[in-house]
Asker: 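Got a structure here, written out as structure tokens. Questions coming.
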Amino acid sequence: MLHIAAASGLSSNGDWNTLKTAQWFALGGIGVAGTTSKQERAFRSLLHEPNAAGNLKSLLSEANLARQCYALLGLHVLHDQAYQENVARYKSSGARVKTVGGCMITEQPVSSVVSNIAAGRYDSVLNVPIH
């Protein structure tokens with residue numbers, strides 16, 4: 001079972017605004033200090049909201065690719081049917097999304113990110129306490 005450590009320090013509205021304006025998909029420590037991005041903090045917090053799935057579905061339909069990756073990951077974690085309904089179009093997409101991991105800022109195919117989501121490769125990251 002996936003346990004998601006809750007983020008603290010942001011209001012629900014602040015979390016939504018942070019995630020809604022994300023320009024890259026970043027999970028795990030970033031930068032030299034390996035700190036958790038404000039986008040990941042917001043994402044983790046939003047997963048605990050009563051209407052998390054609804055908010056993620058909204059993000060999936062109106063956002064850029066980075067935000068859509070957070071939405072897909074969230075729907076996957078929540079075992080929401082919308083994940084299965086939408087994942088195929090991303091798996092076959094040649095579009096590229098900006099990602100951040102450690103000190104590396106890259107662009108990778110969204111299909112690669114979605115394959116990592118489907119394989120559960122981000123689950124362990126979400127189990128690590130944020131800092």
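It should be emphasised that the depicted structure is a prediction, and the values quoted were computed from it without experimental measurement.
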Asker: Under the criterion side-chain contact (heavy atoms from CB on, under 4.5 Å), which of Lys38, Glu40, Gln39 is the partner of Thr36?
Answerer: Glu40
Asker: Apply the test side chain to side chain contact (heavy atoms under 4.5 Å, CB included) to residues Val113 and Gln108: give CA-CA distance (whole Å), side-chain angles for both, the deciding distance (0.1 Å), then the verdict.
Answerer: CA-CA 8 Å; Val113 172; Gln108 61 181 293; 3.9 Å; yes
Asker: Ignoring hydrogens and angles, tell me if any N or O in the side chain of Thr18 forms a donor-acceptor pair with the backbone of Gly14 under 3.5 Å.
Answerer: yes
Asker: Quick one: does any side-chain atom of Ser45 pair with a main-chain N or O of Ala42 as donor and acceptor, under 3.5 Å?
Answerer: no
Asker: What's the separation between atom CG in Leu19 and atom CG in Asn55, rounded to the nearest 0.5 Å?
Answerer: 9.5 Å
Asker: Please tell me if the side chains of Gln68 and Leu59 come closer than 4.5 Å, counting only heavy atoms from C-beta onward.
Answerer: no
Asker: So, for Phe25 and Tyr122, is the gap between ring centers shorter than 6.0 Å?
Answerer: yes
Asker: Roughly how far, to the nearest 0.5 Å, is OG1 of Thr21 from CG of Asn17?
Answerer: 7.0 Å
Asker: Is the shortest distance from a Lys or Arg side-chain nitrogen in Asp80 or Lys57 to a carboxylate oxygen in the other one below 4.0 Å?
Answerer: yes
Asker: Please report the C-alpha distance between Tyr83 and Leu73 in whole Å, then the side-chain angles of each, then the deciding distance to 0.1 Å, and finally whether the side chain to side chain contact (heavy atoms under 4.5 Å, CB included) criterion is met.
Answerer: CA-CA 8 Å; Tyr83 170 78; Leu73 177 59; over 6 Å; no
Asker: Using a 3.5 Å distance criterion without hydrogens, assess whether the side chain of Tyr70 forms a donor-acceptor pair with backbone atoms of Ala26.
Answerer: yes
Asker: List the steps, then state whether side chain to side chain donor-acceptor pair (under 3.5 Å) holds for Ser93 with Ser111.
Answerer: CA-CA 6 Å; Ser93 174; Ser111 59; over 6 Å; no
Asker: Taking all atoms of both residues into account, what is the closest heavy-atom pair of Arg96 and Leu65, and its distance?
Answerer: O-CD1, 3.5 Å
Asker: Of all heavy-atom pairs between Lys98 and Gln23, which one has the smallest distance, and what is that distance?
Answerer: CB-O, 4.0 Å
Asker: Using the rule that two of Ile, Leu, Val, Met, Phe, Trp, Tyr join whenever any of their side-chain heavy atoms come within less than 4.5 Å, decide whether Leu75 and Val77 are in one cluster.
Answerer: yes
Asker: Once rounded to the nearest 0.5 Å, what's the spacing between atom CZ of Arg44 and atom CG of Leu126?
Answerer: 5.5 Å
Asker: Quick check for you: to the nearest 0.5 Å, what is the distance between Cys103 atom SG and Ile30 atom CD1?
Answerer: 9.5 Å
Asker: To the nearest 0.5 Å, what is the distance between CG on Leu78 and NE2 on His48?
Answerer: 9.5 Å
Asker: Nearest 0.5 Å, what's the NZ-CZ distance between Lys20 and Arg67?
Answerer: 9.0 Å
Asker: Report the C-alpha distance between Leu46 and Trp16 in whole Å, list the side-chain angles of each, state the deciding distance to 0.1 Å, and finish with yes or no for side chain to side chain contact (heavy atoms under 4.5 Å, CB included).
Answerer: CA-CA 7 Å; Leu46 283 172; Trp16 174 247; 4.1 Å; yes
Asker: Less than 4.5 Å apart, side chain to side chain, heavy atoms only: is that true for Val110 and Cys69?
Answerer: yes
Asker: Show your reasoning for whether side chain to side chain contact (heavy atoms under 4.5 Å, CB included) applies to Leu60 and Tyr90.
Answerer: CA-CA 11 Å; Leu60 189 62; Tyr90 293 93; 3.3 Å; yes
Asker: For residues Leu56 and Leu72, determine if any side-chain heavy atom of one lies less than 4.5 Å from a side-chain heavy atom of the other.
Answerer: no
